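Please read these numbers as outputs of a predicted model, since none were measured by experiment. What you see below is based on every heavy atom in this structure, not just the backbone, and it leaves out hydrogens, waters and symmetry mates. All chains are named by letter (A, B, ...) in the order of the sequence lines, taking the proteins before the strands, and each is independently numbered beginning at 1.
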There are 2 protein chains.
Amino acid sequence: MGKDIFVPMNILPSTLYSAIAHETRLRCLMLLLEHDELCVCELTHAIGAAQPTISRHLAHLREAELVSDRREGLWIYYRINPELPVWVTNVLQETANGVRGVAPFTEDLAMLKQMPNRPGAPRCA
Amino acid sequence: MGKDIFVPMNILPSTLYSAIAHETRLRCLMLLLEHDELCVCELTHAIGAAQPTISRHLAHLREAELVSDRREGLWIYYRINPELPVWVTNVLQETANGVRGVAPFTEDLAMLKQMPNRPGAPRCA
DNA sequence: AACGAATATATCTTTTCCCATATATTACGT
DNA sequence: ACGTAATATATGGGAAAAGATATATTCGTT
């Protein structure tokens with residue numbers, strides 16, 4: 001008993017789309033698509049918004065089950081929920097294609113790259 | 001002069017996603033993905049909402065440039081904007097995959113199929 | 001020109017969302 | 001135990017979105 005059956009997760013289209021309808025939240029997700037894991041201060045620096053703003057939008061994404069989080073010391077790392085249905089992953093990937101080279105998404109990546117004192121620090125540069 | 005240069009159309013992610021964040025509007029688009037062209041009364045019947053409701057949501061989609069419309073007599077036919085950027089089309093298609101067999105989208109298709117007196121009437125049954 | 005059918009818009013109310021700011025929580029170092 | 005850094009939550013106000021209903025527009029028919 002207690003067989004660990006695999007229950008595929010379910011996401012309502014309206015949940016996904018109202019989440020990524022907000023540019024700040026989409027910017028977070030686009031950053032997380034390129035960098036598996038990012039902590040709040042990295043996202044805050046890259047996007048250039050106030051910390052509570054980023055934190056609240058991350059909470060929104062977390063409640064929508066689009067991202068998962070993990071604490072490591074003082075830092076909390078977010079990543080795209082690895083159990084997302086395929087169609088959701090595809091939508092995010094297609095969006096990344098759509099915004100490639102477009103502001104403010106490109107700038108976010110640049111800001112992150114030039115951020116000093118990054119906590120997790122990219123292991124393999 | 002007046003060279004007819006091809007100017008690719010541009011759609012902001014937030015425009016697309018706030019449009020399809022609303023279930024009624026997504027239902028319209030999903031119906032239009034399967035049936036190239038539908039008039040307002042068909043969409044109204046399939047979805048089962050009040051006519052002004054459908055009309056207003058279609059206006060929203062039109063202003064977002066996600067659909068185009070064409071008048072033929074009393075009827076106004078809507079279709080998915082044929083000039084959408086590829087990534088947008090792909091997002092819609094992926095969404096269709098995601099909602100295949102899911103309520104209320106499946107039911108909408110069934111309701112449309114059993115609608116009497118459809119104006120355009122499917123030419124080739 | 002009058003009527004009816006299909007669709008669109010306007011108005012009002014209610015709700016939801018967002019920003020800014022302040023404050024709370026959690027964990028590490030001393 | 002205290003201080004501080006990283007993050008989270010709470011609050012209050014303002015703007016945008018949505019539903020319901022009424023009314024307007026547009027076109028075909030007689």
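At whole-Å resolution of the value, CD in B:Glu63 and P in D:dA18 are 12 Å apart. Going from atom CZ of B:Arg70 over to atom C1' of C:dT7 covers 15 Å, rounded to whole Å. C:dT9 atom C1' lies 12 Å from atom CD1 of B:Ile76, rounded to whole Å. To the nearest angstrom, P of D:dT26 lies 14 Å from CG of B:Asp69. Atom P of nucleotide D:dA18 and atom CG of B:Leu61 are separated by 11 Å, given to the nearest angstrom. Look at CD1 on A:Ile20: it is 13 Å from P on C:dC18, rounded to the nearest Å. Taking atom CH2 of residue A:Trp75 and atom C1' of nucleotide C:dT25, one finds them 17 Å apart after rounding to whole Å. As a whole-Å value, the separation of A:Tyr77 OH from D:dT7 C1' is 13 Å.
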Nucleotide N/O to protein N/O under 3.5 Å, stretch nucleotides 27-30 of chain C:
none

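For the residue pair B:Asn90 and A:Glu94, a side-chain donor N or O sits within less than 3.5 Å of a side-chain acceptor on the partner. A side-chain donor-acceptor contact under 3.5 Å links B:Arg62 and B:Tyr78.
Checked by atom type and distance alone, the side chain of A:Glu42 pairs as donor or acceptor with a backbone atom of A:Cys39 at under 3.5 Å.
The two atoms that bring B:Asp108 and B:Ala46 nearest to each other are OD1-O, 3.4 Å, heavy atoms only. Nearest approach of A:Asn81 to A:Met9, heavy atoms of both residues: ND2-SD, 3.7 Å.
The phosphate of C:dA8 has OP1 or OP2 within less than 4.0 Å of a side-chain N or O from B:Tyr78.
Other residues, nucleotides and ligands contribute at most 12 non-hydrogen atoms within 6.0 Å of the CD atom of B:Glu83.
Under the 4.5 Å side-chain heavy-atom criterion for ILVMFWY residues, no single connected hydrophobic cluster contains both A:Met111 and A:Leu32.
Electrostatic pairing of A:Arg79 and A:Asp36 does not count as a salt bridge here, judged by no charged N lying under 4.0 Å from a carboxylate O.
Heavy-atom distances to DNA chain C give each of A:His22 and B:Cys41 a nearest nucleotide, and the one nearer the 5′ end belongs to B:Cys41.
In the region residues 48-60 of chain B, proximity to DNA chain C at under 4.0 angstrom, judged on heavy atoms, holds for B:Gln51, B:Pro52, B:Ser55.
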Output side-chain donor-acceptor pairs under 3.5 Å for residues 50-60 of chain B, partner residues at least two apart or in another chain, one line each.
from, atom 1, to, atom 2, distance (Å)
B:His57, ND1, B:Arg25, NH1, 3.1
B:His60, ND1, B:Arg25, NH1, 3.1

